[in-house]
Amino acid sequence: MLTIFIVYLPMCNMKRSGEISMHCLPFQGFLKDDIRFMKFILAMNDSILMGDIKTNPNAKINWSMPSTEEYYNFKGKFYIASAPIQITRYPPPKINSIQASDYWENERIEQWHALDERTRAGFTWPSRAEVPKSNEINFSCQSLKNNESSVIHDLAMDNFCLLVYKVTDVEYFDYSCYPPKRLFYTWSLKNECWDIQTSNP
């Protein structure tokens, strides 16, 4: 039996107050049409994460890989692909000839279908970190099938957002060798490729 592990990546950004916000985001993969985009999931009613991203969409993400002794530090910007009935700031940019709203709605639906039943059910729950009045009521939905036709399914899907992170700069560090290697990648708009610089480790 194949075991699938969820990778949670820590991200941080700065609030208007000057405080640093920190979150751990479940990584869903890279966008197939442009690998500069990383995909995560977000609930529309997650007021904490949604609020931090709306305040400042620019953020940093770290991906540590202890088994291979390397890590990546990403710098970029978040975009939110929500259900058409929802209104959010920072809709994702155009990727190809398809209209941006249509493209990202298709990506959002595709990601929704890719989620397991328990993860989908979580989008019927109260906002993260909210203290529920009754666990029996708030967490009564424990599984939500992909092809289920119900009000609960529709409400959960409308609450589901595809959180997209566009990478602009990358720091890569490999400490499996000596001396260690440190590389910096910066996306060149002019050449549409990564400019790579080797630095002192």
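Two residues are said to be in side-chain contact when any heavy atoms from C-beta on lie closer than 4.5 Å; Trp104 and Ile95 meet this criterion. Two residues are said to be in side-chain contact when any heavy atoms from C-beta on lie closer than 4.5 Å; Glu110 and Leu162 fail this criterion. The closest side-chain heavy-atom distance from Leu25 to Leu49 is below 4.5 Å. Between Phe74 and Leu9 the shortest side-chain heavy-atom distance does not fall below 4.5 Å.
Taking Ser64 as the reference, Asn62, Tyr71 meet the side-chain contact (heavy atoms from CB on, under 4.5 Å) condition, with sequence neighbours excluded. When the ring pair (Phe, Tyr, Trp, His ring centres under 6.0 Å) test is applied to Tyr165, the partners found at least two apart in sequence or on another chain are Phe78.
Considering all non-hydrogen atoms of both residues, Ile98 and Asn96 come closest at N-OD1, 3.0 Å. Pairing each heavy atom of Pro92 with each of Ile80, the nearest pair is CD-O, 3.3 Å. Between Arg108 and Ala81, the shortest heavy-atom contact is CD-O, 3.3 Å. Ala59 and Met11 make their closest contact through CB-CE, 3.8 Å (heavy atoms, listed as atom of the first residue, atom of the second, distance). Smallest separation of non-hydrogen atoms from Asp116 and Arg118: OD1-N, 3.0 Å. In this structure, Ser82 and Met44 approach most closely via the heavy-atom pair CB-SD, 4.4 Å.
Tracing side-chain contacts under 4.5 Å through hydrophobic residues (I, L, V, M, F, W, Y), one reaches Ile61 starting from Val170; they form part of the same cluster. Under the 4.5 Å side-chain heavy-atom criterion for ILVMFWY residues, no single connected hydrophobic cluster contains both Tyr175 and Leu183. Hydrophobic clustering, with ILVMFWY side chains joined whenever heavy atoms are under 4.5 angstrom apart, keeps Phe184 apart from Met65.
Ring centers of Trp63 and Phe27: under 6.0 Å apart, within the cut-off. Close placement of the Tyr172 and Tyr72 rings is indicated, their centers lying within 6.0 Å of each other.
Taken to the nearest 0.5 Å, the CZ atom of Phe123 stands 11.0 Å off from the CE atom of Met157. Residue Lys94 holds its NZ atom at 10.5 Å from CG of Asp102, rounded to the nearest 0.5 Å. Atom OG of Ser97 is separated from atom CD of Gln99 by 11.0 Å, given to the nearest 0.5 angstrom. The line from CH2 of Trp125 to CG of Asp46 is 13.5 Å long, rounded to the nearest 0.5 Å. Considering OG1 of Thr124 and CG of Asn159, their distance stands at 9.0 Å, rounded to 0.5 Å. One finds the SG atom of Cys161 at 4.5 Å from the CE atom of Met50 (value rounded to the nearest 0.5 Å).
Between the side chain of Arg16 and the backbone N or O of Thr55 there is no donor-acceptor pair closer than 3.5 Å. The main-chain N or O of Asn13 is never found under 3.5 Å from a side-chain atom of Asn56 such that the two would form a donor-acceptor pair.
Counting Ile, Leu, Val, Met, Phe, Trp and Tyr side chains that sit under 4.5 Å apart, directly or through other members, Ile20 shares a hydrophobic cluster with Met14, Met22.
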Please tabulate, for the side chains in residues 194-201, all donor-acceptor contacts under 3.5 angstrom to protein atoms that are two or more places apart in sequence or on a different chain.
none

Which pairs of donor and acceptor atoms, one on a side chain in residues 30-42, lie under 3.5 Å apart (sequence neighbours left out)?
{"unit_1": "Lys32", "atom_1": "NZ", "unit_2": "Glu107", "atom_2": "OE2", "d": "3.0"}
{"unit_1": "Asp33", "atom_1": "OD2", "unit_2": "Tyr103", "atom_2": "OH", "d": "2.6"}
{"unit_1": "Asp34", "atom_1": "OD1", "unit_2": "Arg36", "atom_2": "N", "d": "3.1"}
{"unit_1": "Asp34", "atom_1": "OD1", "unit_2": "Arg36", "atom_2": "NE", "d": "3.1"}
{"unit_1": "Asp34", "atom_1": "OD2", "unit_2": "Arg36", "atom_2": "NE", "d": "3.4"}
{"unit_1": "Asp34", "atom_1": "OD2", "unit_2": "Arg36", "atom_2": "NH2", "d": "2.7"}

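Annotation: Lys75, atom NZ; neighbour count of heavy atoms from other residues, nucleotides and ligands within 6.0 Å does not exceed 12.
Pairs engaging residues 158-178 under the salt bridge (charged side-chain N to carboxylate O under 4.0 Å, His left out) rule: Glu171-Arg182 [sequence neighbours left out].
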